[in-house]
Amino acid sequence: DAKTTQPTSMDCAEGRAANLPCNHSTISGNEYVYWYRQIHSQGPQYIIHGLKNNETNEMASLIITEDRKSSTLILPHATLRDTAVYYCIVRSTNFGNEKLTFGTGTRLTIIP
Amino acid sequence: EADIYQTPRYLVIGTGKKITLECSQTMGHDKMYWYQQDPGMELHLIHYSYGVNSTEKGDLSSESTVSRIRTEHFPLTLESARPSHTSQYLCASSEVGGLENIQYFGAGTRLSVL
């Protein structure tokens with residue numbers, strides 16, 4: 001699976017959009033980009049994923065650059081409950097590749 | 001929200017005890033996983049299963065064992081707990097056949113062995 005690079009920490013004001021970047025310059029054609037978050041002491045929560053196109057769901061939007069070497073997770077109206085560590089994961093879905101490698105992630109703090 | 005449940009949420013036991021951590025999911029997923037995570041550290045895959053009667057070891061060697069007798073249930077057992085087993089244990093599940101293979105996690109069991 002391709003390596004990802006994320007900022008260690010970010011702050012965002014409550015009610016504003018939180019934009020979390022991720023670099024994955026070695027991504028290959030069959031690898032998806034996934035975003036999870038982990039709130040202190042809880043299990044990771046799936047947020048969104050994509051292959052090439054931008055994606056949106058009820059939680060967030062995912063913007064993937066045309067060359068797929070980077071992506072941005074957007075939380076449109078951040079709330080205090082969005083304070084968590086956010087993980088960008090790049091992973092192929094080949095048979096036998098079961099492990100999710102979370103890395104160090106970005107610690108997002110929402111400021112009241 | 002994912003329908004995957006882990007019990008207990010917290011467990012404090014003495015050395016040498018046998019314990020079973022329970023994990024159940026109601027999504028009909030065939031694949032299930034156990035990860036181990038120390039505070040502030042990365043998740044390590046310790047066991048996974050492709051379906052009933054299938055169990056595989058993950059990347060991190062573990063003294064625990066798992067069983068998969070029913071699709072919805074994937075318990076993890078430690079025959080004789082030791083302080084080195086103190087950690088958070090996370091269970092996850094995903095569909096077989098979907099290209100994306102999204103894993104959904106339970107809330108975790110935080111184990112402390114004294």
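Scope of the values below: all heavy atoms of this structure, side chains included, with no hydrogens, waters or symmetry mates. Each chain gets a letter, A, B and so on, in the order its sequence line appears, and its residues count up from 1.
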Linking I/L/V/M/F/W/Y whenever any side-chain heavy atoms sit under 4.5 Å apart, do I74(A) and I64(A) land together? no

Part of E56(B) lying under 4.5 Å from any heavy atom of chain A: neither

Reported CG-to-OG1 distance for the pair L90(B) and T109(B), which is rounded to 0.5 angstrom: 8.5 Å

Could you have a look at P44(A), G103(A), G105(A), G43(A) and say which one has the most heavy-atom pairs with chain B under 4.5 angstrom? P44(A)

Taking every non-hydrogen pair under 4.5 Å, which of A107(B), G108(B), G58(B) racks up the most with chain A? A107(B)

Can you see whether Q103(B) engages Y35(B) through a side-chain donor-acceptor pair at a distance of less than 3.5 angstrom? yes

Partner of S64(B) under side-chain hydrogen bond (donor to acceptor under 3.5 Å, both in side chains), picked from E79(B), H47(B), Q36(B), is H47(B)

Okay, Y46(A) and chain B: the region with an atom under 4.5 Å from a heavy atom over there is side chain

